[in-house]
Number of protein chains: 2
Amino acid sequence: MKYSEAKEKYIQAWGTLGSSWGVNRTMAQIHALLMISTTPLSTEELMEELKISRGNTNMNVRALMDWGLAEKVLVPGERREYFKADKNVMNIGVQVAKERKRRELDPIIKLLNDITNVDGDTAEVKEFRKVTKDLQKFATQTESVLDLFIKSNQNWFFKILGKMR
Amino acid sequence: MKYSEAKEKYIQAWGTLGSSWGVNRTMAQIHALLMISTTPLSTEELMEELKISRGNTNMNVRALMDWGLAEKVLVPGERREYFKADKNVMNIGVQVAKERKRRELDPIIKLLNDITNVDGDTAEVKEFRKVTKDLQKFATQTESVLDLFIKSNQNWFFKILGKMR
DNA sequence: ATAAACTTTCAATATTATTTGAAAGTTCAA
DNA sequence: TTGAACTTTCAAATAATATTGAAAGTTTAT
């Protein structure tokens with residue numbers, strides 16, 4: 001396969017994947033580009049490559065930095081800011097897990113804690129308590145797995161899991 | 001907390017969570033309702049409870065069935081179709097993992113297999129190969145974990161993981 | 001202090017996803 | 001068959017989300 005073709009497919013696929021994972025398409029594509037670049041890229045270069053506006057580029061680069069997936073690089077003697085991505089895939093996985101846990105799982109666990117304490121003893125309420133408690137248990141277990149993954153250095157996590165098969 | 005309040009919060013939260021997990025809001029809310037209902041619900045009842053149209057209800061109930069999260073219940077002597085959700089939270093987790101693996105991870109692994117075979121030996125292409133191979137490895141490891149989770153009966157998976165801490 | 005080089009903001013616009021509801025389709029009892 | 005009771009479809013409307021680009025803001029060199 002030709003490089004240009006492979007690159008295009010890769011960026012396109014990353015964008016699609018991103019959007020089904022709570023990350024917007026452009027953000028994922030900028031990340032994809034930074035991942036395969038041999039040097040840090042400027043806003044100009046990102047705009048040029050992805051054919052997107054300055055504002056859009058700026059917003060999504062900042063979002064990537066918020067997620068801990070990219071950082072500024074200052075080149076001595078240059079005004080312009082450059083950006084580079086962390087290329088360690090395991091780190092990326094951990095970072096994404098960490099952020100999504102914080103943004104999604106934590107609030108749900110908090111909510112479930114609140115609502116399992118609903119008053120009443122009708123069949124309806126009993127069922128509600130049962131279901132929400134089950135969900136709470138599952139969410140808490142999921143949280144433990146994520147914490148384990150987040151804390152695990154390198155690929156210890158996968159190594160162990162690999163042995164479990 | 002009052003039941004009506006808890007219920008509302010729960011349905012609202014489930015909808016929000018769903019949308020950041022590749023499931024649309026209404027689909028998630030229908031699921032939430034079916035989960036806490038003591039009896040199967042009809043299209044009419046879902047429309048009424050969630051204040052949504054017939055078409056919307058129908059589409060999303062079918063989507064839930066596609067995902068293996070709900071099923072039709074035929075009540076003898078009734079024309080109307082009723083729907084109920086699988087209430088086993090672990091099953092739901094497995095089902096969602098299975099579907100998302102099929103819809104998202106599998107295609108990406110396939111793509112990565114293709115594009116890591118890019119031709120060329122420039123620094124650019126070498127970097128591309130390196131990054132995509134790393135991604136491939138990570139995706140494959142993730143696949144193994146998911147397969148393990150999907151195949152694991154009951155909560156064996158979490159039990160083992162729990163011991164790892 | 002000025003202006004060039006750059007970054008950030010945000011109201012307007014475009015795109016994408018969801019929802020509606022009426023019409024078409026199906027099933028079944030009589 | 002017929003028609004009542006129900007389900008499904010899908011084009012159009014609406015809502016949600018992302019993008020643009022020009023203006024405002026900031027930084028740095030002189």
Practice task
If a pair satisfies ring pair (Phe, Tyr, Trp, His ring centres under 6.0 Å) and one of its residues is in residues 101-129 of chain A, list it, with sequence neighbours excluded.
Solution key: Phe128(A)-Tyr3(B), Phe128(A)-Tyr10(B)

Exercise for the section: Any pair with a residue in residues 49-71 of chain A that passes ring pair (Phe, Tyr, Trp, His ring centres under 6.0 Å), sequence neighbours left out, goes on the list, sorted by first then second residue, please. Expected result: none

Fill in the blank from the handout: Its contact letters, B for base, S for sugar-phosphate only and - for none at protein heavy atoms under 4.0 Å, make nucleotides 17-22 of chain D read -SSBB-

Problem - Length of the CD-P vector between Glu78(A) and dT7(C), whole Å - result: 10 Å

Practice task
Just jot down the ring-ring contact (aromatic ring centres under 6.0 Å, His included) partners of Tyr82(A), sequence neighbours excluded, or say none.
Solution key: none

Completion exercise
Within residues 30-47 of chain A, the residues having a heavy atom closer than 4.0 Å to DNA chain D are none

Fill in the blank from the handout: Sorted by chain and residue number, the salt bridge (charged side-chain N to carboxylate O under 4.0 Å, His left out) partners of Asp147(B) (sequence neighbours excluded) come out as Lys101(B)

Practice task
Starting from Leu74(A), walk the hydrophobic network (Ile, Leu, Val, Met, Phe, Trp, Tyr; side-chain heavy atoms closer than 4.5 Å) and list everyone else you reach, by chain and number.
Solution key: none

Problem - Contacts of type salt bridge (charged side-chain N to carboxylate O under 4.0 Å, His left out), residue Glu81(B), not counting sequence neighbours - result: Lys72(B)

Practice task
Answer whether the closest heavy-atom distance between the side chains of Leu34(A) and Leu69(A) falls below 4.5 Å.
Solution key: no

Completion exercise
Contacts of Phe83(A) meeting ring-ring contact (aromatic ring centres under 6.0 Å, His included) (sequence neighbours excluded), chain-then-number -> none

Fill in the blank from the handout: Between OH of Tyr82(A) and P of dA5(C) the distance, given in whole Å, is 14 Å

Completion exercise
Across all chains, not counting sequence neighbours, the salt bridge (charged side-chain N to carboxylate O under 4.0 Å, His left out) partners of Glu124(A) are none

Handout entry: Set of residues satisfying salt bridge (charged side-chain N to carboxylate O under 4.0 Å, His left out) with respect to Glu48(A), sequence neighbours excluded
Key = Lys51(A)

Practice task
Give a yes or no on whether a salt bridge exists between Glu127(A) and Lys130(A), defined as a side-chain N under 4.0 angstrom from a carboxylate O.
Solution key: no

Problem - Value in whole Å for how far the C1' atom of dG25(C) lies from CZ of Arg62(B) - result: 13 Å

Identify all pairs in which a protein N or O lies below 3.5 Å from an N or O of nucleotides 24-30 of chain D, and state each distance.
from    : atom 1 : to       : atom 2 : distance (Å)
dT27(D) : O2     : Arg79(A) : NH2    : 2.9

Practice task
Round to a whole Å and report the spacing from CZ of Arg80(A) to P of dA4(C).
Solution key: 17 Å

Practice task
For dT8(C), take OP1 and OP2 only and decide whether either is under 4.0 Å from a side-chain N or O of Asn58(A).
Solution key: yes

